[in-house]
Trainee: 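Just passing along the structure, written as structure tokens.
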Amino acid sequence: MSIKVLYFASLKEVFGHGEERLKTDGLNTVGKVWRQVSKGHDISQQVLFSVNQEYAEASSLVKDGDEVAFFPPVTGG
Amino acid sequence: MSIKVLYFASLKEVFGHGEERLKTDGLNTVGKVWRQVSKGHDISQQVLFSVNQEYAEASSLVKDGDEVAFFPPVTGG
Amino acid sequence: MIKITGNAFDPWKELATFQCEMNRDGEFGACANFIGTMRDINEGDSVNGMFLEHYPGMTEKHLAKIVDEAKAKWDVLETLVIHRVGKLLPHDPIVLVAVWSAHRKDAFEASRFIMEDLKSKAPFWKKESIGATEKQAGKTRWVAKNTGGY
Amino acid sequence: MIKITGNAFDPWKELATFQCEMNRDGEFGACANFIGTMRDINEGDSVNGMFLEHYPGMTEKHLAKIVDEAKAKWDVLETLVIHRVGKLLPHDPIVLVAVWSAHRKDAFEASRFIMEDLKSKAPFWKKESIGATEKQAGKTRWVAKNTGGY
């Protein structure tokens with residue numbers, strides 16, 4: 001299966017792009033997806049997760065076609 | 001000695017006027033002034049006191065030339 | 001600034017003008033404000049008008065004291081308080097309280113504090129004219145007491 | 001109404017227009033609103049500009065959820081939320097949250113609730129351009145975290 005992965009703000013800069021498609025065989029939780037994509041990147045800050053535009057936990061399940069996003073703490077308003 | 005006495009809102013209507021001068025011989029507290037002026041009037045509501053435009057208690061002292069006011073609970077804003 | 005006015009006022013114009021004239025652009029990050037407006041119904045009755053009485057002298061002094069208390073409690077840059085008196089019609093703004101500060105906590109808390117103190121202690125009194133139109137009834141009543149806001 | 005906009009907005013004009021068009025004169029007795037504005041200093045440094053990123057789709061959904069929660073908790077008649085995105089200059093309004101209700105307690109509490117939830121959870125990110133002028137430095141930094149507002 002395949003998912004859409006988005007990065008925002010400082011994470012977008014770390015990854016060098018804001019969006020990618022990812023083959024997710026064996027990556028059935030957000031935490032597993034994060035461990036896969038963050039490998040080799042030096043990320044010291046807190047990272048928040050969302051699945052299909054709703055906040056998610058590391059243990060949240062990911063299924064085919066999902067939109068998963070990773071971003072730093074929000075600073076709007 | 002003599003003081004200025006003011007009435008506001010519903011109390012002004014009860015007394016029929018908003019202002020009077022009062023001889024205050026023997027009336028050295030706000031509570032005594034109130035008992036004097038309210039005699040014969042049927043006042044069922046709560047009454048607030050001020051002396052020289054600051055909130056006062058029944059026991060607050062009154063001196064010559066003071067401005068004493070009586071009014072119902074405030075309802076502004 | 002504290003204004004007691006017998007004339008109808010436009011809260012948004014007052015805010016725009018005051019914020020421009022206070023000339024603190026770049027300093028304030030937060031403005032919290034409250035506008036109280038006359039409704040056309042109260043305690044289940046239609047209201048067609050209102051008379052707002054105040055205690056000239058004491059009202060201004062008391063409002064100044066509330067604002068000073070707020071400035072002592074919170075980091076406040078500027079405040080604007082406007083209160084209408086005299087004859088009002090439904091939909092008329094009655095009161096405006098605005099607070100500018102660097103950060104939002106101060107503006108939120110100071111504006112609410114000023115508003116609650118104003119409602120519970122500033123010497124203003126409302127007399128309502130009951131009925132859907134002024135001609136219909138001619139009945140008036142003093143509002144007995146403000147409800148608590150916290 | 002919820003608006004995410006890439007253009008500068010005048011909060012007082014937005015409030016005046018929305019209040020007029022929502023057409024609930026006589027019903028609302030209270031409007032509490034908050035405006036967050038860009039300052040020209042942050043953490044001791046001069047700031048000459050800002051870029052506001054968001055998550056198109058999730059941002060709108062999250063703001064709608066906050067507003068629904070506020071409407072479930074308090075008696076709210078209308079709400080207006082506007083948030084700026086893209087390139088901002090100092091003094092530019094960033095956010096506007098306004099709540100109309102019959103009585104003041106609901107407007108005060110709902111507006112603050114929406115604002116605090118927005119600050120702590122709505123997906124927006126600020127990148128500051130440091131230095132008194134844009135040419136001077138060219139240094140930028142992501143704002144690390146919003147401060148709490150309660």
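Convention: sequence-line order gives letters A, B, ...; per-chain numbering from 1.
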Trainee: Less than 4.5 Å to any heavy atom of chain A: does that hold for the side chain of D/M38, its backbone, both, or neither?
Mentor: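 Neither part; nothing is under 4.5 Å.
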Trainee: Checking D/K61 against chain A: side chain, backbone, both or neither under 4.5 Å from a heavy atom?
Mentor: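 Answer is side chain: those atoms of D/K61 sit under 4.5 Å from chain A.
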Trainee: Determine, for D/K65 against A/E54, whether the closest basic-nitrogen to carboxylate-oxygen distance falls under 4.0 angstrom.
Mentor: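 Between A/E54 and D/K65 there is no salt bridge, as every charged N stays at least 4.0 Å from the carboxylate O atoms.
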Trainee: Roughly how far, to the nearest 0.5 Å, is the CD1 atom of D/I82 from the CG atom of D/D10?
Mentor: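 It comes to 9.5 Å.
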Trainee: Which atoms of A/L6 come close to chain D, meaning under 4.5 Å heavy atom to heavy atom: side chain ones, backbone ones, both, or neither?
Mentor: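 Looking at A/L6, just its side chain touches chain D.
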Trainee: Under a 4.0 Å N-O cut-off, is there an ion pair linking D/K105 with D/E109?
Mentor: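 Yes, D/K105 and D/E109 are salt-bridged.
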Trainee: Can you confirm whether D/V95 sits close enough to D/F124 that some side-chain heavy atom of one is under 4.5 Å from a side-chain heavy atom of the other?
Mentor: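 In short, these two side chains do not touch, never coming nearer than 4.5 Å.
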Trainee: Between D/Y55, D/F34, D/F51, which has the largest tally of heavy atom pairs under 4.5 Å with chain A?
Mentor: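 It is D/Y55.
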Trainee: Which one of D/R84, D/K121, D/H62 has the most heavy-atom pairs closer than 4.5 Å to chain A?
Mentor: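 Highest number of heavy-atom pairs under 4.5 Å: D/K121.
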Trainee: side-chain contact (heavy atoms from CB on, under 4.5 Å) with D/L80: which of D/V97, D/N33, D/L96?
Mentor: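 Exactly one pass, corresponding to D/L96.
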Trainee: Side chain from CB out, backbone as N, CA, C, O: work out which of these in A/Q46 comes under 4.5 Å of a heavy atom of chain D, or both, or neither.
Mentor: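 For A/Q46, the side chain is the part near chain D, not the backbone.
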Trainee: Counting only non-hydrogen atoms closer than 4.5 Å, does D/S120 touch chain A with its backbone (N, CA, C, O), its side chain (CB onward), both, or neither?
Mentor: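 Contact with chain A involves the backbone of D/S120 alone.
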Trainee: Among A/E13, A/E67, A/Q45, which residue forms the greatest number of heavy-atom pairs with chain D at distances under 4.5 Å?
Mentor: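 Among the listed options, the one with the most contacts to chain D is A/E13.
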Trainee: Based on non-hydrogen pairs under 4.5 Å, which of A/A69, A/S10, A/G18, A/P73 is most in contact with chain D?
Mentor: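 The residue among A/A69, A/S10, A/G18, A/P73 with the greatest pair count is A/S10.
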Trainee: Chain A heavy atoms under 4.5 Å from D/K119: which part of the residue, side chain, backbone, both or neither?
Mentor: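 Both the backbone and the side chain of D/K119 come within 4.5 Å of chain A.
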Trainee: Quickly, which of A/L27, A/N28, A/D66 forms a side-chain contact (heavy atoms from CB on, under 4.5 Å) with A/V33? Name it, please.
Mentor: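 That would be A/L27; it is the only one of A/L27, A/N28, A/D66 passing the side-chain contact (heavy atoms from CB on, under 4.5 Å) with A/V33.
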Trainee: Report the relative orientation of the aromatic rings in A/W34 and A/F70; use parallel for angles under 30°, tilted for 30 to 60°, perpendicular for over 60°.
Mentor: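 Taking A/F70 first and then A/W34, their aromatic rings sit tilted (interplane angle of 30° to 60°).
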